[in-house]
Novice: 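Can you read through this structure? Questions will come right after.
Small disclaimer: the values here were computed from a predicted structure and weren't measured. Note that the numbering runs from 1 along the sequence shown for the chain.
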Amino acid sequence: MTSSSSSRPMTQTVHAGATPDPTTGAVIPPIYATSTFIQNAPNVNKGYDYARMDNPTRQAFERAVAELEGGTMGCAFASGMAAISTVLELLPAGSHIVASRDVYGGTYRLFEQVRRLSADLRVTYADPTDLAAIQAATTPTTRMIWLEVMTNPLLQVPDIAALAAFARSRGILTVVDSTFASPWLANPLKDGADVVVHSATKYLGGHSDLIGGVAITRDAAIGERLRMLHIAVGGVAGPFDSFLMLRGVRTLGLRMERHSQNALALATWLESHPKVARVFYPGLPSHPQHALAQKLLPRGAGGVLSLVVKGGEDAARRFVTGTQLFALAVSLGGVESLIEQPSTMTHAVIPTDQREAAGFVPGLVRLAVGIEDIEDLKADLAQALG
């Protein structure tokens, strides 16, 4: 098997990073469950010496995702937060970041409750769809702009190319969390981003049976720096999870097509439901960045949508606890459908006033739409809405 970088997208997901096992010729890279590797002489080995430094199973996954993203270096981590945390190590102490206003709650916690104390990190949160607002938020100490392909949970879509061009003109790194899109729907590095991160727990894994993360760089020098940090900080992915993440990549295109089809069908249906006040989904013509989303996400708008239930918090609580097929749980990206209330679950760590300023309204619910039959999903939401 050779590089699939010139192949069409579905073929690429099946073959990216694939090379037969050198010992047996196995088509699927085996799980190398070892912590160390024999050396022929001091510092003379077969390319591996210690599994934190490198592992063939992890390496196969890293190469696959780097190829899918069009990057130079991929580093696989034990979790999405380990990936984000290590990317932040690219910054010197005392740095300033401009971040999306409705950033993922776990990222907000890391910024405010960890790095503010340990590295004097300062973060300004701004509307990522407003280039002028992002520009106004930068300072002489701004070293990074932190974006999400689709913000969590309001599904805003920033113009990554425009923001990355501005950042580059100021010597600022652009980092994009592309978890909601996966490499199938978006490739931020090709739009000028410097680093793209994924919680591989979600769409890359695809089956809610692992925890993992990955970061990919566009520039080789940044990639080498991140690679050193990956080894030095040590939050590397283990061989078993790397095997599962690579297996998930092989069916990514098929799953993402179904996730997107189901989500669009539900968003369209919910938008006209009498008990729903509003639906947030980039695939809808009513979405404020719909035209941009069609350009950035040509293969579909993903499997996540949010809605506002009429009746406020109490009505939303009754809704999320009334579904039978949609499981009440955090996370997303698995083949099964999930439902959650961001204000009390994924984004509870963000102060109420900041959530309200970002547009979190009473009754906000997030759906992670799976690959089940669309009529069954509609029926479940219909009975839960009442």
Novice: Please work out whether the ring planes of Trp146 and Phe111 are parallel, tilted or perpendicular, with thresholds of 30° and 60°.
Specialist: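 Trp146 vs Phe111 ring planes: perpendicular.
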
Novice: For the residue pair Asp127 and Thr129, confirm or rule out a side-chain donor-acceptor distance under 3.5 Å.
Specialist: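 Per modelled atom types, Asp127 and Thr129 side chains form a pair under 3.5 Å.
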
Novice: Under 4.5 Å between any side-chain heavy atoms of Leu284 and His290, yes or no?
Specialist: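 A side-chain contact is absent here, since even the closest heavy-atom pair is not under 4.5 Å.
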
Novice: How many angstroms lie between atom CD of Glu340 and atom OG of Ser306, to the nearest 0.5 angstrom?
Specialist: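 Between Glu340 CD and Ser306 OG, I get 7.5 Å after rounding to 0.5 Å.
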
Novice: Apply salt bridge (charged side-chain N to carboxylate O under 4.0 Å, His left out) to the pair Lys295 and Asp191, showing each step before the final yes or no.
Specialist: CA-CA 11 Å; Lys295 177 183 176 182; Asp191 290 319; over 6 Å; no

Novice: Please answer: with hydrophobic residues joined when any side-chain heavy atoms are less than 4.5 Å apart, are Met144 and Val98 in the same cluster?
Specialist: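 No: no chain of side-chain contacts under 4.5 Å links Met144 to Val98.
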
Novice: Do Gln39 and Val44 have side chains that get closer than 4.5 Å, going by heavy atoms?
Specialist: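 Not in contact.
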
Novice: Please work out which of the three classes, parallel, tilted or perpendicular, describes the rings of Tyr108 and Tyr125, given edges at 30° and 60°.
Specialist: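 Ring orientation, 0 to 90° scale: tilted.
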
Novice: Quick one: does any side-chain atom of Asp54 pair with a main-chain N or O of Tyr48 as donor and acceptor, under 3.5 Å?
Specialist: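 Answer holds: no.
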
Novice: Do Ser79 side-chain atoms and Ala82 backbone N/O form a donor-acceptor pair below 3.5 Å?
Specialist: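 Here the side-chain-to-backbone pair exists.
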
Novice: Step through it carefully: locate the ring centre of His230, locate the ring centre of Phe77, and say whether they are under 6.0 Å apart.
Specialist: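 Yes - the distance between ring centres of His230 and Phe77 falls below the 6.0 Å cut-off.
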
Novice: What about the rings of Phe37 and Tyr32, do their centers lie closer together than 6.0 Å?
Specialist: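 No, they do not, as the ring centres are separated by 6.0 Å or more.
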
Novice: In Å and rounded to the nearest 0.5 Å, what is the CZ to OG distance from Arg255 to Ser260?
Specialist: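 Separation between the atoms: 11.5 Å.
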
Novice: If you define the side chain from C-beta out and look only at heavy atoms, does anything of His15 sit under 4.5 Å from Ser7?
Specialist: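 No - every pair of side-chain heavy atoms lies 4.5 Å or more apart.
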
Novice: Go through it in stages, so that I can follow the logic: the residues are Asp209 and Arg247, the test is salt bridge (charged side-chain N to carboxylate O under 4.0 Å, His left out), and I'd like the CA-CA distance, side-chain angles, deciding distance and then a yes or no.
Specialist: CA-CA 12 Å; Asp209 57 4; Arg247 185 181 68 174; 3.7 Å; yes

Novice: Any heavy-atom pair between the side chains of Arg168 and Thr174 that's under 4.5 Å?
Specialist: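 A side-chain contact under 4.5 Å is absent here.
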
Novice: Between OG1 of Thr57 and CE of Met245, what distance do you get to the nearest 0.5 Å?
Specialist: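 Reported value, rounded in 0.5 Å steps: 10.5 Å.
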
Novice: Work out which heavy atom in Val149 is nearest to a heavy atom in Ala186; give both atom names and the distance.
Specialist: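 Looks like CG1-CB, 4.1 Å.
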
Novice: Does any donor atom in the side chain of His96 or Thr142 lie under 3.5 Å from an acceptor atom in the other side chain?
Specialist: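 Side chains of His96 and Thr142: pair found under 3.5 Å.
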
Novice: Roughly how far, to the nearest 0.5 Å, is CG of Leu90 from CZ of Arg143?
Specialist: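 Between Arg143 CZ and Leu90 CG, I get 13.0 Å after rounding to 0.5 Å.
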
Novice: Check the hydrophobic clustering (I, L, V, M, F, W, Y; side-chain heavy atoms under 4.5 Å; chains of links allowed) and say if Tyr203 and Ile216 are grouped together.
Specialist: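 They do share one cluster, since a chain of ILVMFWY contacts under 4.5 Å joins Tyr203 to Ile216.
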
Novice: Counting distance only, does the side-chain N/O of Arg52 pair as donor-acceptor with the main-chain N or O of Gly234 below 3.5 Å?
Specialist: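 Judged by distance alone, no pair lies under 3.5 Å.
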
